[in-house]
Amino acid sequence: MSDDGRKAFGPLLRRTGYSHVAKAAVQETTLCIKEMHAAIADQSFDVLRRIPLLSWPAQIVQAAHEAISAGVYAAIFHGSGALLDVAAILERQHPSPDKPPGRFASGLHSALNGAFGDHLAASNNRLAINMAIRVNGKVVPLDTDALRSAFPGAGRRLCVFVHGLGCDEHCWEWGDPSEAAATYASHIGCQVQTEWACTPLYLRYNSGLPIAENCAQLAVLLDNLLAVWPQPASELLIIGHSMGGLIALGACDQAMALGMSWPQSTRMVICLGSPHLGSPLERLGQLATVGLKLTTITRPLGNIAAKRSQGIKDLRRGPGAPRTLSKPHTIAFRFLGASLTEDVEHTISEFLGDGLVPLSSAIAHEITGDVQCARLGKLGHLRMLNDTRVHRQIREWLGVLGAPAEC
């Protein structure tokens, strides 16, 4: 399993990063504009060719137009490619320093993976994120010494935080701007560490990959993590936001089906605004893509829209309501949904949801056992990461766990 796990987290050889992506983007855009230009010109010249006195001059002008435009687009395509190939050489000769990128650069990197992460992974680009636990932006290897060094106060209870689409681990650290620093205790990771002796661990992963693939990677990672954690017989909690909740649930399902041991050590899984039944926004995006492909002029835009990552496309319908797990379990499942309206019972509340995920999609489940759902009003999808009411609800759910078992 260890070999599969290492294979799952990415190849050894990596292609140039931003220069390669920029080259692909510029050349793809050039071809798109060229195709749209040709479609518009063809329609215009087709009208002129139908006029008897203008038919022959129109053919001459069209031939000249096509020759000139072909030359211009070829110059842009190959010229930009050559310049960015030089940039790629320079990028390889001047590798990034060991210091991890700042929060903004890290966020941009994760957003790029959310949009095109499957393409980055398929092209072996070094910008493709490998799933890993990170501390201060740096990957923590899954071996006992490295974990003991990264988490000197490692206890018997771990809480793994799984971010959503296009985000990274820093999303859990946002403070509530409406509260003074003195009253906002800290982000939820510090709260669970202080109040329930949990060691918070933050996952970063390529959210552009298919959801099922990320579920499989997380199942392997958690199995390896508990096997080498400094404290034996540890308890595990998982908190996932949006896509992160789907991946957490899918990882549980796959792990139990494969007979992995970590689900038996998992006390609770909390899903915050996870689109179990899909997101209407992605369904709208799919309709727009299909619509753009209906005409020759807009078809290039539709082709570009269709290149969004499989991770995004998987949110169109979602994996469906979480089913009863294949084997007996002791996991407590918690689902939280939100609505932009203050009254969560109002008819329009379900329609609006949290702006991205309907209420019914966030709390849908078919799981038997210890399952609870909660709904909060006047709350958006991203705001639930730093809303004190959400933190209060999480604390209420975790309160039943009590103190972790003594060594």
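As the structure is a prediction and not an experimental result, all values here were calculated from the model.
- Panel note: side chain Ser309, backbone Gly114; a donor-acceptor pair is recorded below 3.5 Å.
- Of the possible donor and acceptor atoms, one in the side chain of Ser123 sits under 3.5 Å from a partner among the backbone N and O of Leu120.
- Atom CZ in Arg157 sits 12.0 Å away from atom OG in Ser265 (nearest 0.5 Å).
- The residues Asp253 and Arg323 are annotated as salt-bridged, a charged nitrogen and a carboxylate oxygen being separated by less than 4.0 angstrom.
- Nearest heavy-atom pair, Ser110 versus Ile129, reported as atom, atom and distance to 0.1 Å: OG-CD1, 3.8 Å.
- Nearest heavy-atom pair across Leu147 and Val228 is CD1-CG2, 3.6 Å.
- With sequence neighbours excluded, the residues satisfying side chain to side chain donor-acceptor pair (under 3.5 Å) with Ser349 are Ser339, Thr341.
- For the atom pair CG of Leu385 and CD1 of Ile188, the computed distance is 10.5 Å after rounding to the nearest 0.5 Å.
- Contact annotation: the side chain of Leu237 never approaches that of Leu158 to less than 4.5 Å [non-hydrogen atoms, C-beta and beyond].
- Closest approach of Leu226 to Ser234, counting heavy atoms only: CD2-CB, 4.4 Å.
- Looking at Met131 and Arg204, their side chains never come closer than 4.5 Å, going by heavy atoms from C-beta outward.
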(message) Run the side-chain contact (heavy atoms from CB on, under 4.5 Å) test on Ile363 and Leu336 for me, step by step, so that the C-alpha distance in whole Å, both residues' side-chain angles and the decisive distance to 0.1 Å come before the verdict.
(response) CA-CA 6 Å; Ile363 62 177; Leu336 187 144; over 6 Å; no
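- Listed by chain and residue number, Asp387 satisfy the salt bridge (Lys or Arg N to Asp or Glu O under 4.0 Å) test with Arg389 (two or more places apart in sequence, or in another chain).
- Among residues two or more places apart in sequence or in another chain, the salt bridge (Lys or Arg N to Asp or Glu O under 4.0 Å) test is passed with Arg134 by none.
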(request) Go through Glu235 and Arg156 one step at a time and tell me if the side-chain contact (heavy atoms from CB on, under 4.5 Å) criterion holds. (result) CA-CA 6 Å; Glu235 300 175 352; Arg156 295 283 297 277; 5.9 Å; no
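- Taking each heavy atom of Ile394 and Ile239 in turn, the nearest pair found is CG2-CD1, 4.2 Å.
- Checked by atom type and distance alone, the side chain of Thr144 never pairs as donor or acceptor with a backbone atom of Pro230 at under 3.5 Å.
- To the nearest 0.5 Å, the span separating CG on Leu376 from CD on Glu342 amounts to 12.0 Å.
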(request) Please test Leu127 against His109 for side-chain contact (heavy atoms from CB on, under 4.5 Å), starting from the C-alpha separation and ending with a verdict. (result) CA-CA 7 Å; Leu127 291 178; His109 183 199; 4.1 Å; yes
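- Taking the ring pair (Phe, Tyr, Trp, His ring centres under 6.0 Å) definition, one finds that Phe161 meets it with Trp172, Tyr202, sequence neighbours left out.
- Between His329 and Ile367, the closest side-chain pair of non-hydrogen atoms falls below 4.5 Å.
- With rounding to the nearest 0.5 Å, the separation of CG in Asp223 from CH2 in Trp262 is 8.5 Å.
- Partners of His365 under the ring pair (Phe, Tyr, Trp, His ring centres under 6.0 Å) rule, at least two apart in sequence or in another chain, are Phe335.
- Here the side chains of Val139 and Ile133 are not in contact, with every heavy-atom distance at 4.5 Å or above.
- Distance CD1/Ile247 to OG/Ser207: 7.5 Å, rounded to 0.5 Å.
- In this structure, the side chain of Asp118 engages the main chain of Gln310 through a donor-acceptor pair within 3.5 Å.
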Donor-acceptor pairs under 3.5 Å, side chain of residues 269-281 to any protein atom, not counting sequence neighbours: which ones?
unit_1	atom_1	unit_2	atom_2	d
Ser274	OG	Ser242	O	2.8
Ser279	OG	Leu281	N	3.4
Ser279	OG	Leu356	O	2.9

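- The side chain to side chain donor-acceptor pair (under 3.5 Å) check on Arg395 picks up Glu195, with sequence neighbours excluded.
- In this view, Glu350 and Ser360 satisfy the side chain to side chain donor-acceptor pair (under 3.5 Å) rule, not counting sequence neighbours.
- Applying the side-chain contact (heavy atoms from CB on, under 4.5 Å) rule to Gln193 yields the partners Pro200; only residues at least two apart in sequence or on another chain are considered.
- Annotation: side-chain contact (heavy atoms from CB on, under 4.5 Å) contacts of Ala332 (sequence neighbours excluded): Met268, Arg334, Asp370.
- Distance CG/Leu340 to NE2/His381: 11.0 Å, rounded to 0.5 Å.
- Residues passing the side chain to side chain donor-acceptor pair (under 3.5 Å) test with His119: none are found, sequence neighbours excluded.
- The side-chain heavy atoms of Leu201 and Cys159, taken from C-beta on, include no pair separated by under 4.5 Å.
- Looking at Asn206 and Asn130, their side chains never come closer than 4.5 Å, going by heavy atoms from C-beta outward.
- Counting all heavy atoms, side chain and backbone alike, Pro263 lies closest to Cys252 at CG-O, 4.4 Å.
- Judged by distance alone, with hydrogens and angles left aside, the side-chain atoms of Thr194 form a donor-acceptor pair with the main-chain N or O of Cys190 at under 3.5 Å.
- Heavy-atom minimum distance, Leu209 versus Ala121: CD2-CB, 3.9 Å.
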(request) Any chance you could lay out the salt bridge (charged side-chain N to carboxylate O under 4.0 Å, His left out) test for Asp354 and Arg383, step after step, and finish with the verdict? (result) CA-CA 9 Å; Asp354 61 18; Arg383 281 282 295 177; over 6 Å; no
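- In the model, Asp168 has a side-chain atom that pairs as donor or acceptor with a side-chain atom of Ser106 under 3.5 Å.
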(request) Could you give me the CA-CA distance, side-chain angles and deciding distance for Tyr205 and Gln217, then say whether side-chain contact (heavy atoms from CB on, under 4.5 Å) is met? (result) CA-CA 9 Å; Tyr205 65 97; Gln217 289 191 20; 5.9 Å; no
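- For Arg316, the salt bridge (Lys or Arg N to Asp or Glu O under 4.0 Å) partners two or more places apart in sequence, or in a different chain, are Glu282.
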